[in-house]
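Below: the structure, in structure tokens.
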Amino acid sequence: MASYVIISPNPEDDVNGYMERGAVNSGLKNACPDAKLIGWDFPFVSLEQQSRFGMRGYAAAYVIPERFETDCPGVQYLENIEADYAVITITEPFVQAFERIPAAYKMIMEYLQANNFKEKQQDNIISCFEHVYEKDKVTCMDVYVHANGVTKVDAFSQFI
């Protein structure tokens, strides 16, 4: 994956625009027109940036073919090993983005908890991300939460 992070008042639009321009300029769109763009919150934003300037962080990445490289400034190459994710689809996620998107994450986390899964962080696996696309002229967002490699915990092992 080729990823980039932006901290700004509107980081999703800013980073997605940067990545889209980079995909065109690097030839990715020609080489792989169906390349998938994913994104996730970037939590390393200072309190001053948040409270004083209203900034948030967001990362975006194109899933790129093996050995495809670009010289876009600031792009970092990441590897996300194959993993299973719990997925929920939101139709028209931006109608009420600050309600619908967190509600989707909450539903997935409740599902994992109800089924006695405990999240386990792993290197080279993005723990959660989103993918926005159009389906039948409707904007959709798939929200993914890593569910592979989680440890199943029964009621008694939590106390050991």
Pairwise side-chain contact, Y77 with I64, heavy-atom cut-off 4.5 Å (strictly under): yes
Show me the pairs that pass salt bridge (charged side-chain N to carboxylate O under 4.0 Å, His left out) and involve residues 99-117, at least two apart or across chains. K106-E110
Mind checking side-chain hydrogen bond (donor to acceptor under 3.5 Å, both in side chains) for E130 and listing every partner two or more places apart, or none if nothing turns up? Y58, Y105
F68 to S26 - nearest heavy-atom pair and separation: CZ-O, 3.6 Å
Please enumerate all residues that pass side-chain hydrogen bond (donor to acceptor under 3.5 Å, both in side chains) together with Y18, with sequence neighbours excluded. none
Can you list, pair by pair, the side-chain donor-acceptor contacts under 3.5 Å of residues 34-50, counting residues two or more places apart and other chains?
residue: K36; atom: NZ; partner: Y144; partner atom: OH; Å: 3.2
residue: S46; atom: OG; partner: Q49; partner atom: N; Å: 3.0
residue: S46; atom: OG; partner: Q49; partner atom: OE1; Å: 3.3
residue: E48; atom: OE2; partner: R52; partner atom: NH1; Å: 2.9
residue: Q49; atom: OE1; partner: S46; partner atom: N; Å: 2.9
residue: Q50; atom: NE2; partner: V45; partner atom: O; Å: 2.8

Scanning both residues in full, the closest heavy-atom pair of M19 with S3 reads CE-CA, 4.3 Å
M1 atom CE, over 12 foreign heavy atoms within 6.0 Å: yes
Results of side-chain hydrogen bond (donor to acceptor under 3.5 Å, both in side chains) for D142 - residues two or more places apart only: T89, Y133
Going by side chain to side chain contact (heavy atoms under 4.5 Å, CB included), name the residues that satisfy it together with A97, two or more places apart in sequence or in a different chain. F94, I101
Residue set satisfying side-chain hydrogen bond (donor to acceptor under 3.5 Å, both in side chains) with S8, at least two apart, ordered chain then number -> D14
Joint hydrophobic cluster, M141 plus V145, side-chain heavy atoms closer than 4.5 Å: yes
Would you name the heavy atoms of H146 and A83 that are closest together and state the gap between them? CD2-CB, 3.8 Å
Hydrophobic cluster mates of V95, side-chain heavy atoms under 4.5 angstrom, ILVMFWY only, any path? none
Taking a hydrophobic cluster as the set of Ile, Leu, Val, Met, Phe, Trp and Tyr residues connected by side-chain heavy atoms closer than 4.5 Å, whether directly or through intermediates, do I90 and L112 fall within one such cluster? yes
If you take all heavy atoms of T91 and C140, which pair is closest and at what distance? CG2-SG, 4.1 Å
Got a second to check how far I6's CD1 is from R56's CZ, nearest 0.5 Å? 12.0 Å
Residue list, side chain to side chain contact (heavy atoms under 4.5 Å, CB included) with D13, at least two apart or on another chain: N10
Check I126 against Y85 and note the closest heavy-atom contact, atom names and distance. O-OH, 2.8 Å
Closest non-hydrogen contact found for I125 with N80 is CA-OD1, 2.9 Å
Counterpart residues, side chain to side chain contact (heavy atoms under 4.5 Å, CB included), relative to K29 (two or more places apart): E20, A23, V24, Y62
Among the clusters formed by ILVMFWY side chains lying less than 4.5 Å apart, do I81 and V63 turn up in the same one? yes
State, yes or no, whether a side-chain contact exists between V143 and C128 at a heavy-atom distance under 4.5 Å. no
